[in-house]
Amino acid sequence: MSELTRLSVDEMRTGLLTGAFTALDLTDAHLKRIDATNEQFNSFLTICADKAREQARVADERIRKEGSQSPALCGIPIAIKDMLLTDGVETTAASKILKGFIPPYDATPVAKLKERDSIILGKTNQDEFAMGSSNENSAFGPVRNPWDPSRVPGGSSGGSVVAVALGQAPLSLGTDTGGSIRQPASLTGVFGMKPTYGRVSRYGVIAFASSLDQVGPFARSTVDLAYALDAICGYDSNDSTSMKREVPAFREELRKWEGKSLEGIRVGVPKEYFIDGNEPDVQAATQESLKTLEKLGAKLVDISLPHTEHALEVYYIIAPAEASSNLSRYDGVRYGYRSPNAKTLSELYSKTRAEGFGREVKRRIMIGTYVLSAGYYDAYYRKAQEVRTLIIDDFKAAFNNHCDVIAAPVSPTTAFKIGEKAQSPLAMYLADVFTIPASLAGLPGMSVPTTLDRNGLPIGLQLLGAPFTESTLLRVSQALEHAGNFDTRRNCS
Amino acid sequence: MSADSTSEFEVVIGLEVHAQLLTDSKIFARSSTVSGKTANTLTDPVTLGLPGSLPVLNKRSVDFAIRLGLALQCSIERTSIFARKHYLYPDLPKGYQISQYDKPICLNGSLVVRIKDGTKKIGITRIHLEEDAGKNTHLSDEPYSLVDLNRAGVPLLEIVSEPDMRSPEEAGAYMRQLRQVLLYLDICDGNMEEGSLRCDANVSIRRRGETKLGTKVEVKNLNSFRFVERALEYEIERQIAAVREGTPIVQETRLWDEAACTTLPMRSKEHAEDYRYFPDPDLLPLVVDDDWIARTKSSLPELPAQVYERFRKSYELDPYYCEILAEEKAVARYYDEAVAFHNNPIAIANWITTELFGRLNKESMAMSSNPISPENLASLILLVDNKTISGKMAKAIFDEMFSTGSSPRDIIEAQGLKQISDPAELEALVDSILSQSAAQLQAYRDGKTKMFGYFVGQVMKASDGKANPQIVNELLERKLKA
């Protein structure tokens with residue numbers, strides 16, 4: 001049954017509908033794969049074997065009854081980043097401070113998957129509260145990269161990308177605040193998309209930076225990614241920032257474009273993203289992808305996003321500011337970790353938080369607290385919001401006047417060694433230098449695996465679009481995927 | 001306050017009033033806002049501040065804010081912003097309170113308050129929406145406290161006045177009349193004892209003629225009208241004494257201790273707490289369009305000051321009655337309805353404020369459970385006015401109406417209480433009394449004119465009080481002269 005862990009969603013769907021195998025077979029095959037690999041790769045924090053099997057039985061029943069009328073993801077296994085609440089299943093955001101926390105409700109994207117009778121295999125590892133780019137900041141140990149286990153998978157959605165790259169799950173959900181979907185997707189050779197801010201509900205998603213956080217899927221193909229998007233996108237009255245916008249049928253849109261050229265698509269190439277700091281192989285691979293796009297009929301346009309250089313600074317003011325506020329609730333009073341050493345109310349707070357949060361989380365809480373302080377607010381937070389507007393305007397000008405999508409590297413490097421950047425927060429922050437601007441602008445963005453570097457490590461191409469143009473990104477991604485020969489299933493069995 | 005202090009010092013008072021809104025659900029969550037339920041049963045992921053929970057604004061709370069803003073002549077801001085105010089306390093589940101900060105929904109209003117010698121316009125700086133915190137209970141002999149989050153997230157309006165009040169009496173009058181407005185608008189139950197209406201005061205003093213404000217002290221825990229005035233009186237005395245002694249006033253928060261009749265320092269504000277306000281990224285700016293404002297405006301009820309004026313002008317009522325009858329919307333409406341049935345505004349005002357309020361008070365009943373309909377009260381007074389019954393009978397009938405809710409006519413019929421005004425019937429009665437009272441008649445004729453009352457009394461007694469006393473009087477006068 002090891003072949004089942006290599007299948008695409010379409011292949012799984014066909015198998016389920018024809019009775020070649022059941023959802024329970026699929027679930028067992030993936031649970032077995034997790035069982036065989038998790039000790040080494042540490043991609044899952046919680047494995048829901050019993051619940052998953054139970055869900056599989058329900059899905060099989062539904063498929064038996066409804067046949068092809070059943071939802072596309074009925075019976076399809078999926079892994080969920082531990083940032084998303086799962087009713088009755090421990091959810092920690094990879095933090096000691098939430099160890100043992102069993103949520104009483106599902107995050108909206110999880111609820112939507114359950115409505116479709118998808119199979120929740122378990123909760124995946126990540127950087128604590130999604131703060132990190134290597135998954136080394138997990139309170140429960142690092143995740144290893146399937147392409148080279150001495151290297152990081154990227155972060156913060158490290159467990160979710162590895163689950164898909166390793167064949168532990170055909171699909172997974174991650175969250176992206178400054179690049180936490182695109183960067184790890186690039187470093188592990190899977191497809192990952194951060195939809196437009198407001199496209200997917202944040203209800204029940206543990207907040208890191210509310211104005212930036214967005215849930216998105218990982219998959220081993222563009223079509224699979226589209227299936228996941230079809231399931232999780234849409235307005236939710238529980239999230240005031242979710243958008244009342246019609247959601248296209250992404251999978252159907254792709255069918256329309258299959259085999260077609262990219263004629264009419266203008267691809268913006270921002271000069272600010274092609275810098276000396278990029279690894280030569282990354283630079284070369286990106287140029288190669290641009291040529292492919294041109295061959296596919298797209299028109300390349302040189303553009304400039306002049307405020308790009310300030311994005312990292314702006315991000316490291318806004319994201320920590322929001323995080324310092326969002327993480328105030330972890331006080332040891334109602335749930336999660338409570339310091340046993342506290343003797344007063346003040347100690348309850350200080351000790352619980354000192355013992356419960358990891359180093360990077362504490363660093364960002366301190367930065368955030370500082371930039372929001374009276375007397376510093378205007379110089380930092382307000383200024384950062386003003387510059388953020390300039391960054392948004394850069395993208396607006398580009399999409400209004402010059403291009404339909406932007407193509408650029410995802411990250412300046414491929415997967416680095418575990419421990420290599422762990423001691424230098426600044427070097428680590430640079431891993432997100434190309435993903436952060438689109439996060440600040442709330443734009444949809446994705447990573448498309450394209451090739452390997454000289455060490456055999458995956459390189460992704462980043463595609464960015466105007467708000468709510470996920471369809472266009474998927475169209476370009478599908479064309480690139482079909483034009484290339486990147487093997488996303490290499491480590492799947 | 002002593003006479004010489006008023007002459008030497010001027011008192012400056014501004015009030016911050018928190019009004020809990022009568023919405024069904026919380027300001028950002030679905031849980032109910034009812035009070036008196038088992039601790040922590042009116043909660044949900046948002047109220048508990050669970051990870052992943054997000055606030056969604058209750059539109060009705062915005063309606064209420066607009067209503068109050070319009071009633072207090074404020075400008076309604078087309079865009080207002082919810083900010084996060086950070087502090088750690090166990091009754092604050094998220095570690096921050098969502099509150100409007102630098103962009104509140106209502107600005108620059110006023111309330112014209114009746115004070116003892118006329119009226120005074122008190123400026124309203126701002127009104128903003130925010131969420132209430134939960135309630136901590138500190139146990140004296142346990143090493144822990146209890147937290148109840150039922151109240152957490154109940155919508156509040158904070159109404160901040162300008163420092164326009166110059167005495168505790170003015171502050172009390174403002175507070176009372178603001179409460180009336182809230183009640184008229186049906187947006188707050190106004191219950192200070194239960195905390196649905198709370199008041200903090202900023203108080204300072206300065207020498208008369210000084211234009212700069214003195215150092216202000218915030219006094220909290222003023223949870224009754226009486227406390228507001230008493231605490232302010234005490235605090236003003238304290239500040240005057242301090243200034244006289246040459247002790248500088250410290251900017252601080254003091255708590256009114258009712259038992260000790262004193263204010264005690266709570267926390268020093270020398271180093272103002274840093275709440276790290278910033279716009280809540282989970283909520284969009286609150287946009288109120290002209291249409292929303294127009295709709296709200298057209299649904300505004302008549303306000304207490306307007307009712308007061310109308311009672312004075314249309315009914316020519318005494319200010320005393322106007323004050324009492326306009327205080328509560330239910331009373332004003334009752335009064336209007338009664339007057340509509342029988343146009344004797346003064347008698348009706350009298351009956352409501354003496355007999356009706358007397359009974360309601362005695363039975364500790366609210367106006368809302370008053371068993372006498374305005375129509376029935378009006379007919380009772382009409383029956384007195386057209387002399388069908390005597391005033392004394394009316395009181396007895398009123399008691400019966402209060403107990404049974406019946407109409408005066410039904411009671412009169414059932415008990416045969418109707419006044420006897422038939423002259424022939426009364427003349428027979430008078431004759432019979434006079435014929436039985438030879439001795440008294442002789443005494444009267446000998447000059448003891450006081451005996452007249454005796455005859456009246458005998459006739460009334462013989463008629464079970466039903467005889468029309470006026471006619472009895474006339475008859476007796478005629479007969480005795482003869």
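By convention in this document, chain letters (A, B, ...) are assigned in the order of the sequence lines, proteins followed by strands, and residues within each chain are numbered from 1. Everything quoted here is computed from the prediction, not taken from an experiment.
- Within the 4.5 Å cutoff, the side chain of A:Ile120 has heavy atoms near those of the A:Ile78 side chain.
- Of the atoms belonging to A:Arg334, it is side-chain heavy atoms, and not backbone ones, that fall under 4.5 Å from chain B.
- Ion pair A:Arg382/A:Glu386 not flagged as a salt bridge, since none of the NZ, NE, NH1 or NH2 atoms sits closer than 4.0 Å to an Asp/Glu carboxylate oxygen.
- Contacts between A:Asn326 and chain B at a heavy-atom distance below 4.5 Å involve backbone atoms as well as side-chain atoms.
- For residues 87-99 of chain A, the interface with chain B (any heavy-atom pair closer than 4.5 Å) comprises A:Leu98, sorted by residue number.
- The pair B:Asp63-B:Lys59 does not count as a salt bridge, with every side-chain nitrogen at least 4.0 angstrom from each carboxylate oxygen.
- Interface remark: A:Leu345 contributes side-chain atoms only to the contact with chain B (heavy atom separation under 4.5 Å).
- Top candidate by heavy-atom pairs under 4.5 Å with chain B, chosen from A:Leu348, A:Thr108, A:Thr369, A:Asp331, is A:Thr369.
- Of the residues considered (B:Asp282, B:Leu57, B:Val56), B:Asp282 shows the highest number of contacts with chain A, using heavy-atom pairs under 4.5 Å.
- A:Thr124 and A:Gly159 get closest at one heavy-atom pair: CB-C, 3.6 Å.
- Comment: A:Glu313 does not engage A:Lys383 in a salt bridge, judged by the lack of any side-chain N to carboxylate O separation of less than 4.0 angstrom.
- In this structure, chain B has no heavy atom under 4.5 Å from any part of A:Ser201.
- A:Ala107 does not touch chain B: none of its heavy atoms, backbone or side chain, sits under 4.5 Å away.
- The contact between B:Tyr89 and chain A is made by backbone and side chain atoms together, counting heavy-atom distances below 4.5 Å.
- Remark: B:Lys85 qualifies as a cation-pi partner of B:Tyr275 under the 6.0 Å distance and 45° angle criteria applied to the six-membered ring.
- The pair B:Arg78-B:Asp290 counts as a salt bridge, with a side-chain nitrogen and a carboxylate oxygen less than 4.0 angstrom apart.
- Note on B:Arg254 versus B:Glu252: salt bridge recorded, some NZ/NE/NH1/NH2 to OD/OE distance being below 4.0 Å.
- The most heavy-atom pairs under 4.5 Å with chain B, out of A:Ala209, A:Ser210, A:Ser325, A:Ser346, come from A:Ser325.
- Remark: B:Asp200 engages B:Lys220 in a salt bridge, criterion side-chain N to carboxylate O under 4.0 Å.
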Test log, rule salt bridge (Lys or Arg N to Asp or Glu O under 4.0 Å), inputs B:Arg151 and B:Asp91: CA-CA 9 Å; B:Arg151 200 182 69 177; B:Asp91 64 8; 5.4 Å; no

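- In this structure, chain B has a heavy atom under 4.5 Å from the side chain of A:Tyr381, while its backbone stays farther away.
- Ion pairing of A:Lys194 with A:Asp176 is absent here, as no side-chain N (NZ or NE/NH1/NH2) approaches a carboxylate O to less than 4.0 Å.
- By number of non-hydrogen pairs under 4.5 angstrom with chain B, the leading residue of A:Gly332, A:Ala207, A:Ser373, A:Gly375 is A:Ser373.
- Only the side chain of A:Tyr330 comes within contact range of chain B, with at least one heavy atom under 4.5 Å from a heavy atom of that chain.
- In terms of heavy-atom pairs under 4.5 Å with chain B, the best-connected choice from A:Asn238, A:Ile206, A:Val371, A:Asp239 is A:Asn238.
- For chain A, the nearby part of B:Pro55 is the backbone; its heavy atoms alone come within less than 4.5 Å.
- Between A:Lys112 and A:Glu115 there is no salt bridge, since none of the side-chain N atoms of the basic residue sits less than 4.0 Å from a carboxylate O of the acidic one.
- One distance of note links OG of A:Ser211 with OH of A:Tyr197; it measures 6.0 Å at 0.5 Å rounding.
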